[in-house]
Amino acid sequence: MTVRIITWNVNSIRARESRLEALLRRWTPDIVALQETKIDDDRLPRAAVEALGYDLATFGQGPYNGVAILARTELSGVERGFLADPVPSEPRVLSATAGGLRLVNLYAVNGKAVGDPAYLTKLAWFDALSAWLRSTFDPTEPLLVLGDFNVAPEDEDVHDPETWRGKNLASEPERERVRDLLNWGLVDLLRLQADGPGPFTWWDYRAGAFHRGWGLRLDLALATPPVAARCTAVHVDRDERKPSTGEGKPSDHAPLIVDLD
DNA sequence: ATGTCACTTTACAAGTGA
């Protein structure tokens with residue numbers, strides 16, 4: 001039996017309602033982690049999701065950020081936020097258990113630009129996330145940490161490493177923060193299945209970046225070894241980034257699909 | 001690097017965040 005999990009930064013769940021429904025029909029996932037829902041919990045189109053057969057946990061407030069988890073089985077142990085979050089007013093982390101699997105769904109601080117105050121917040125946010133994970137979980141137990149990390153972990157995760165060298169989303173201090181999570185005991189599931197360069201999961205809306213192949217791999221599924229051992233396939237649904245694929249405009253992120261045996 | 005998108009507001013354009 002396969003458990004299929006998708007992570008996708010939707011860039012507004014309202015703007016992506018039709019495409020989200022099509023994605024659920026296309027891949028029939030068991031669990032979906034969404035980021036940048038950009039809506040209060042009580043305004044989210046809950047009935048449409050439930051009508052497709054999913055339980056729903058949400059953590060959103062205001063026009064920015066926001067995360068949600070969908071599951072075909074009942075969600076339990078829902079936890080909003082994390083210990084000592086340096087930006088606790090921003091809903092970025094939602095944890096829940098589905099089918100016996102503990103998930104941490106995250107939308108990392110973007111950072112804007114190296115040197116911007118937001119960049120220092122980003123580094124502090126990752127440090128607090130790491131400390132919380134280390135104090136809460138044991139890497140010998142099943143755990144999946146997935147979402148939009150807003151970091152391309154290696155040069156092979158960037159279309160043009162020289163252009164991106166030292167820039168926000170690819171700078172060394174950010175990459176150190178991701179490596180810190182891997183050093184703790186998490187495994188990058190896509191890299192179990194595919195060598196680089198690529199695939200990418202995000203292309204800027206501007207400058208025709210998608211058409212020109214100017215992408216980054218910012219969306220990751222990291223798992224402890226007991227989960228990694230069950231991973232049989234990882235896909236990027238690159239077609240979902242195309243304007244022609246569905247109704248309405250695409251998100252700037254493509255979904256990442258993970259299969260566990 | 002920047003050919004965009006989505007959100008909001010003492011709103012019908014402009015600022016913000018990505």
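To find a chain, count down the sequence lines: A is the first, B the second, and so on, and within it residues start at 1. This is a predicted model, so every value here is computed, not measured.
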For atom [atom1], what is the distance between [N] and [M], given to the nearest Å?
| N | M | atom1 | value |
| --- | --- | --- | --- |
| dT16(B) | dT10(B) | P | 13 Å |
| dT2(B) | dA14(B) | P | 23 Å |
| dT8(B) | dG3(B) | C1' | 25 Å |
| dA1(B) | dA13(B) | C1' | 27 Å |

So does [X] pair up with [Y], basic N to acidic O under 4.0 Å?
| X | Y | answer |
| --- | --- | --- |
| Glu162(A) | Arg165(A) | yes |
| Arg191(A) | Glu154(A) | no |
| Asp188(A) | Arg217(A) | yes |
| Glu36(A) | Arg16(A) | no |
| Asp41(A) | Arg46(A) | no |

Given [options], identify the nucleotide with an atom nearest to the side chain of [X].
| X | options | value |
| --- | --- | --- |
| Arg206(A) | dT8(B), dA1(B), dA18(B) | dA18(B) |
| Arg16(A) | dA1(B), dA6(B), dT8(B) | dA6(B) |
| Ala207(A) | dT4(B), dT2(B), dT8(B) | dT2(B) |

Gap between atoms [atom1] and [atom2], on [X] and [N] respectively (whole Å):
| X | N | atom1 | atom2 | value |
| --- | --- | --- | --- | --- |
| Tyr119(A) | dA18(B) | OH | C1' | 17 Å |
| Lys249(A) | dA18(B) | NZ | C1' | 16 Å |
| Asp219(A) | dA18(B) | CG | C1' | 13 Å |
| Lys167(A) | dA18(B) | NZ | C1' | 17 Å |
| Asp160(A) | dT2(B) | CG | C1' | 15 Å |
| Trp203(A) | dC5(B) | CH2 | C1' | 17 Å |
| Gln35(A) | dA18(B) | CD | C1' | 14 Å |
| Arg14(A) | dC5(B) | CZ | P | 18 Å |

task = Check every strand shown and say whether Trp164(A) touches a base, only sugar-phosphate, or nothing at a heavy-atom separation below 4.0 Å.
result = base
ask   = Under 4.0 angstrom, heavy atoms only, what part of the nucleic acid is Arg241(A) near: base, sugar-phosphate, or nothing?
value = nothing
query = For Leu186(A), which of Leu220(A), Thr224(A), Val227(A) qualifies under side-chain contact (heavy atoms from CB on, under 4.5 Å)?
reply =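 Output: one option passes, namely Thr224(A).
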inquiry  = Tell me if the aromatic rings of Trp125(A) and Phe82(A) count as close, with their centers under 6.0 Å from one another.
reply    =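 Close enough - the centres of the two rings lie under 6.0 Å apart.
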ask   = Counting only side-chain N and O atoms of Ser12(A), is one of them less than 4.0 Å from OP1 or OP2 of dC7(B)?
value =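 Yes, such a contact exists.
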message = Walk along nucleotides 12-17 of chain B from 5' to 3' and tag each nucleotide B, S or - by protein heavy-atom contact under 4.0 Å, base first, then sugar-phosphate.
response = ----BS
note = Taking for Pro250(A) and for Trp202(A) the nucleotide of DNA chain B with the nearest heavy atom, the one nearer the 5' end belongs to Trp202(A)
Pairwise 5' ranking along DNA chain B for Gly62(A) and Arg212(A), keeping only the more 5' one =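 Between the two, 5'-proximity favours Arg212(A).
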request  = Indicate if Ile5(A) and Val236(A) have the same hydrophobic cluster label, given that clusters are the connected sets of ILVMFWY residues with side-chain heavy-atom separations under 4.5 angstrom.
outcome  = yes
